[in-house]
Structures are given as C-alpha cells and as structure tokens.
Student: 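Structure incoming, see below.
Note that ligands are numbered from 1 as they come in the structure, with each ligand's atoms numbered from 1 the same way.
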Amino acid sequence: MNQARHIAIIMDGNGRWAELKNKKRAYGHEIGAKVVKDITAFCAANKDIERLTLYAFSTENWKRPRLEVEFLMKLLDKYLTSELQTYIENNVKFESIGDIRAFSKSLQETIKNVEEKTAHCDGLVQSLALNYGSQNEILRAINKIKNCENDITEAMLGNALDCKHDVDLLIRTGGDHRLSNFLLWQAAYAELFFTDTLWPDFTTSNLENIIKDFTKIERRFGGLK
Ligand code: FPP
C-alpha cells in the first residue's frame, strides 16, 4: 500500500471564499490560516506522514495589491508567533523554503526563531513555502553548485534545492488544475489531486479521503507493474 509520506498542498481559494460571503479577501486568508493549523495537527497525529509542505506565498504573489501583501505578511508573522508553542507540543519541526531575504527583517527573525526553537522536534516536518517559486529555487540551486569541477548530476541538483524531498501526494484546492511554479522538481512522480473545495472549506476529513484514494493508486515510477 502506498504511504503518503510527503504531502504538498497548494492552498487556493481564500479570496473567492471570502467574496462569496461578501467579506474582504483578508478574511478568507485569516480562516485559511486556521485551516493550516487543523491540517497540520491532523498530519502531526498521523505517524505515516513525515512531511507537509504548504504553498503560503509565491514569488508571483508580490503582484497582488500592496495592502493584501502586507496583510499576508502580518498574518504569517502572527501565525508563526502564536503557533510556536503548538509546534513544540505536537513535536512538529518548522522549516521554510523559498528566498525569505525579500521579507522584512522582523519577519525573517520570526521565521528563523521558529525554525531554531523547533529544530529538536522529530515528528512531522511542516515546511512553509515563503517567497517560493520552483524556477527560482532551481536557479538558486544551480548557482550554488555551478563551479564544481564535474558535470552536475540529478543528486547534486536535488540536494542543492531548498526542498530536498520528493513529493508523494500533491493536492490543489480551489478548482484550478495547475502547479503554479510549486515543487516542479520534487513532484516529478507525485500523484496529483485537484479539488473544487476552496481552502477555507477544506477539512481534515477531505484530506483523509484523498489519502485513502492515494493509497489505492498503483505507482510505477515509469517501470512496469
Ligand atoms: C490562495 O488564495 C492563497 C494564498 C495566496 C496564500 C495562502 C495563505 C493562507 C492559506 C493563509 C495564511 C497562511 C499561513 C501559513 C498563516 P487566493 O487568495 O489566491 O484565493 P483566490 O484564488 O480565491 O483569489
């Protein structure tokens, strides 16, 4: 039976969810952050799941209105600060992937602080993709290793990426069927699940059902049965 050891999620639909309720988009992000908390707790309690990687802010999200970007930055800071204790209690190690140098110094400090304070946790790894774009990640990786004497191998490039772990199961909420520059290298053989459910409505039982379907899939990785 397949195990979904590494689950990655494109959390889409916060804005539409709020607009459907005649609320501001920011409200959708706030409720979206609560769903992040629930889904993380669910994964932390499931010993088969080792890693949960969530797309929280892409390299393209800077194109949004300034106020929305600022709101997302504040929400992230608030979330990480208030969740630190929960991470530790649930034995969750927090990591960020992406180029966080574009963030304010204080947000960078919050991120590093949570990474340091949870470094000893050996349960689930929750990885937040922050100012993350897969093409940018691959370029940064190539620049790290380009001066080596020999030809670059798949293993060398894979190890130079921010996220060094292949994805088993990649889920996108919100109805669109695309990867939006998320984990393009690591998802080479991921099983892809798309759901129309908007992220604020996504529940742990939705995730449980997707995992059940995933376990039934025959994964051949390009080989034969
Ligand atoms: C997509 O919804 C979501 C984002 C761009 C950001 C994801 C953010 C959260 C889930 C909340 C904050 C997260 C943390 C970890 C605190 P959208 O705005 O693109 O929705 P739309 O497609 O309906 O416009």
Side-chain angles (χ1 to χ4, degrees), residues 7-44 51-87 90 92-100 102-104 106-115 118 124-134 136 162-163 170-183 194-204 206-207:
I7 299 177
I9 310 184
I10 301 174
M11 311 179 286
D12 198 14
N14 293 345
R16 276 167 289 159
W17 181 88
E19 280 156 12
L20 282 169
K21 294 187 152 34
N22 291 320
K23 305 262 191 196
K24 298 219 164 95
R25 292 174 56 82
Y27 180 62
H29 294 314
E30 257 178 38
I31 304 300
K34 292 205 170 86
V35 178
V36 170
K37 184 180 162 81
D38 292 348
I39 294 294
T40 303
F42 171 86
C43 292
R51 186 169 284 271
L52 173 68
T53 303
L54 302 171
Y55 209 1
F57 193 87
S58 76
T59 45
E60 287 75 34
N61 284 153
W62 297 105
K63 294 179 200 154
R64 294 189 175 209
R66 185 179 55 85
L67 284 179
E68 182 165 343
V69 170
E70 280 174 12
F71 182 85
L72 282 167
M73 298 293 135
K74 278 197 197 120
L75 182 62
L76 185 60
D77 204 319
K78 200 168 100 185
Y79 180 84
L80 289 174
T81 306
S82 68
E83 281 304 293
L84 174 58
Q85 207 44 44
T86 313
Y87 281 115
N90 290 346
V92 174
K93 180 175 177 170
F94 166 76
E95 283 179 2
S96 68
I97 57 169
D99 189 355
I100 63 164
F103 290 167
S104 70
S106 83
L107 181 53
Q108 289 183 48
E109 272 163 27
T110 302
I111 292 166
K112 288 197 181 117
N113 182 47
V114 181
E115 283 178 337
T118 62
L124 179 78
V125 178
Q126 188 221 49
S127 183
L128 287 188
L130 301 171
N131 191 28
Y132 176 88
S134 197
N136 171 270
D162 300 344
C163 173
L170 191 148
I171 300 165
R172 181 177 187 135
T173 64
D176 287 328
H177 294 193
R178 56 175 171 260
L179 294 180
S180 299
N181 204 8
F182 188 45
L183 301 174
F194 299 97
T195 169
D196 289 338
T197 304
L198 304 172
W199 178 250
D201 283 333
F202 192 71
T203 63
T204 54
N206 293 148
L207 178 58

Student: Counting only heavy atoms not in Lys23, do more than 12 sit closer than 6.0 Å to its NZ atom?
Tutor: no
Student: Distance only, no hydrogens: is a donor on one side chain within 3.5 Å (strictly under) of an acceptor on the other, for Thr59 and Asn136?
Tutor: no
Student: Any N/O of Trp17 closer than 3.5 Å to an N/O of ligand 1?
Tutor: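 Trp17 vs ligand 1: no N/O contact under 3.5 Å.
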Student: Ligand 1 and Arg64, any nitrogen or oxygen pair closer than 3.5 angstrom?
Tutor: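 Yes, Arg64 has an N/O under 3.5 Å of an N/O on ligand 1.
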Student: Any nitrogen or oxygen of Leu128, main chain or side chain, under 3.5 Å from a nitrogen or oxygen of ligand 1?
Tutor: no
Student: To the nearest 0.5 Å, tell me how far Ser127 OG sits from Leu52 CG.
Tutor: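 Nearest 0.5 Å value for the OG-CG distance: 8.5 Å.
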Student: For the pair Lys74 and Glu70, find out whether any cationic side-chain nitrogen is under 4.0 Å from an anionic carboxylate oxygen.
Tutor: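 Not counted as a salt bridge, because no side-chain N and carboxylate O are separated by less than 4.0 Å.
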Student: Identify the protein heavy atom lying closest to atom 1 (C) of ligand 1, giving its residue, its atom name and the separation to 0.1 Å.
Tutor: Met11 O, 3.1 Å
Student: Pick whichever of Ala56, Pro200, Ala129, Ser82 has a heavy atom sitting closest to atom 6 (C) of ligand 1.
Tutor: Ala56
Student: For atom 13 (C) of ligand 1, grab the closest protein heavy atom and report residue, atom and distance to one decimal in Å.
Tutor: Val36 CG2, 4.2 Å
Student: Among all the protein's non-hydrogen atoms, which is closest to atom 11 (C) of ligand 1, and how far away is it?
Tutor: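 Going by distance alone, atom 11 (C) of ligand 1 is nearest to His29 O, 3.4 Å.
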Student: Do Tyr79 side-chain atoms and Lys34 backbone N/O form a donor-acceptor pair below 3.5 Å?
Tutor: no
Student: Quick check: does Trp199 get an N/O under 3.5 Å from an N/O on ligand 1?
Tutor: no
Student: Please state which protein non-hydrogen atom is closest to atom 12 (C) of ligand 1 and give its distance, to 0.1 Å?
Tutor: Leu75 CD2, 3.7 Å
Student: Taking all non-hydrogen atoms of both residues into account, name the closest pair between Lys24 and Ala18 and its distance.
Tutor: O-CB, 3.1 Å
Student: Quick one: which ligand 1 atoms are inside 4.0 Å of a heavy atom on Arg25?
Tutor: 17 (P), 18 (O), 24 (O)
Student: Checking ring-ring contact (aromatic ring centres under 6.0 Å, His included) against Trp17, which of Trp199, Tyr27, Phe202 comes through?
Tutor: Tyr27
Student: Return the closest protein heavy atom for atom 21 (P) of ligand 1 as residue, atom name and distance.
Tutor: Arg16 NE, 3.6 Å
Student: Are any of the N/O atoms in Asn14 less than 3.5 Å from those in ligand 1?
Tutor: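 N/O-N/O distance below 3.5 Å exists for this pair.
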Student: I'd like to check which ligand 1 atoms, numbered from 1 as shown, lie under 4.0 Å from a non-hydrogen atom of Asn61.
Tutor: 5 (C)
Student: Is the ring pair Tyr87/Phe94 parallel, tilted or perpendicular, if the boundaries are 30 and 60 degrees?
Tutor: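 It falls in the tilted class, 30° to 60°.
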Student: Go through ligand 1 atom by atom and flag the ones less than 4.0 Å from a non-hydrogen atom of Gly15.
Tutor: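 Reading through ligand 1 atom by atom, the close ones are 17 (P), 18 (O), 20 (O), 21 (P), 23 (O), 24 (O).
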Student: Any nitrogen or oxygen of Tyr55, side chain or backbone, less than 3.5 Å from one on ligand 1?
Tutor: no
Student: Going from CG on Leu75 to CE on Met73, what distance comes out if it is rounded to the nearest 0.5 angstrom?
Tutor: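 These two atoms lie 10.0 Å from each other.
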